[in-house]
2 protein chains.
Amino acid sequence: MPRDIRLAEKIRQLRHFWRQERRAPSYAEMMELFGYKSRNAVFGLLLKLEEAGCLTKDDHGRVALLPPITGTVRVLGSVAAGFPTQEEEQEADAITLDEYLVKNPDNTFMLTVRGDSMINAGILPGDIVLVEKGPRPNQNDIVVARVDDEWTLKYYVRDAAGVRLEPANPKYRFIRPQRSLEIGGVVRAVIRKYN
Amino acid sequence: MPRDIRLAEKIRQLRHFWRQERRAPSYAEMMELFGYKSRNAVFGLLLKLEEAGCLTKDDHGRVALLPPITGTVRVLGSVAAGFPTQEEEQEADAITLDEYLVKNPDNTFMLTVRGDSMINAGILPGDIVLVEKGPRPNQNDIVVARVDDEWTLKYYVRDAAGVRLEPANPKYRFIRPQRSLEIGGVVRAVIRKYN
DNA sequence: AATATAACTGAACATTCGTTCATTATGCAA
DNA sequence: TTGCATAATGAACGAATGTTCAGTTATATT
């Protein structure tokens, strides 16, 4: 029986390094990280991790961490499913929120929400919306639109009479733009951070 | 007058590389990226970018992209402020959503929300909550708690009689745990993705 | 047109990189 | 204990790294 080298432990260390430095460690750095005295020990270890499918290497041999390692947040089940055990944690997929939420980074912006015009859609004042600039909105997309020289969030609805902008708050009425309709972008995600 | 080297253009290219490869480019790679025929041209360019405060280098000279370059999403004003011009875009700060939302990656999980018990707090079924495992909840924190062998979201409220779990939906009543109170974690953020 | 300044090239340097090799240490089974 | 497979060491190699230096090209101003 071979000696037990705790691969999961190493992966955890690699992930930690990645999160701190935002880059893959060199062999020398891994040597210190794992407590080896030879870079070749790292080489052997990486071979195993590669066989196990935990990572790949790029053209120059540098480790290229796979999403489950790169990722910063683990995706688990639903609230109803409750909290995971230690083993479930290990196996859970992981993603970065950036990759998950932002398809088009160069055209995506964060805006803070003012006003309560979309409160019934679960968008509260102070929330942050991720807005993609450029694409034509689809039916019932939430858009950032200029109405009466002011920018607000509204549903984008096409009907027989053309286009109307509909709030998600009975306090307000829908708006049918007279001549020009300026669409800033389409809301792709809503983010609310506590504290 | 010196020749006009478009620094903003270079930064954009750097950012693009970073997003694709998830790492800083080497000098050789930057040489190709910028269309130079000498790595030393890259060296000179980096000196400028460094002077301009656009980036720093690590111990081995590798470029360490600053948050405005690293970042994936640019932070802009509020919805009321409307949409930015091209120049404003360039100057806007940028952050990664991971850094912004997740303080403690190893103890943070994503859960999908089932049920409407927190609908008045703007948390809808299907939303994703970022839950931090471990910390003691503060007054009025939203927590993932086990109630009657089922996990749900509730406000955590300490009062004279002890602790009660309060929903944000008039359809439901608050709950005062009899003996044990199991707290899975504290909700740090809510995310809603459209599509 | 002449000139000064900056951008760029190309070669060389020491260092570090990932990798290979031969050797030693370690733990498990026979 | 004796084997034996594996882990780890330490030295060496070529390639690539970031950097320096000297020289060339290009541009804007005089």
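Source: prediction; values computed, not measured. Chain letters run A, B, ... following the sequence lines, proteins first and then strands; every chain starts at 1.
Here D:dG18 presents its C1' atom at 14 Å from CE of B:M31, a figure rounded to the nearest Å. Rounded to whole Å, atom C1' of D:dT6 lies 13 Å from atom CG of A:L47. As a whole-Å value, the separation of A:E32 CD from D:dA8 P is 17 Å. Atom-to-atom, OH of B:Y27 to P of C:dC13 comes out at 20 Å; the value is rounded to the nearest Å. One can place CG of B:D59 at 11 Å from P of C:dT16, the figure rounded to the nearest angstrom. To the nearest angstrom, C1' of C:dA11 lies 19 Å from OH of B:Y36. In this structure, A:L46 atom CG and D:dA8 atom C1' are separated by 14 Å, rounded to whole Å. A straight line from CD of B:E29 to P of D:dT17 spans 7 Å, rounded to a whole angstrom.
Checking the phosphate oxygens (OP1, OP2) of D:dA8, no side-chain nitrogen or oxygen of A:S38 falls inside 4.0 Å.
At a threshold of 4.5 Å between non-hydrogen side-chain atoms, the residues B:V131 and B:V144 count as touching.
For B:R62 against D:dG18, a side-chain-to-base donor-acceptor contact under 3.5 Å is absent.
Nearest-nucleotide mapping onto DNA chain C: of A:A28 and A:F43, the residue sitting toward the 5' end is A:A28. Each of A:N40 and B:M30 was assigned the nucleotide of DNA chain D with the nearest heavy atom; the assignment lying further toward the 5' end belongs to A:N40.
Cation-pi geometry between B:R39 and B:Y27 is not met: the NZ or CZ atom fails to fall both under 6.0 Å from the ring centre and inside 45° of the normal. A cation-pi arrangement is absent between A:R188 and B:Y194 under the rule of less than 6.0 angstrom and at most 45 degrees off the ring axis.
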Worksheet item: Should A:I142 and A:M118 be marked as a side chain to side chain contact (heavy atoms under 4.5 Å, CB included) after you check the CA-CA gap, both sets of side-chain angles, and the distance that decides it?
Response: CA-CA 9 Å; A:I142 298 174; A:M118 294 301 284; 3.7 Å; yes

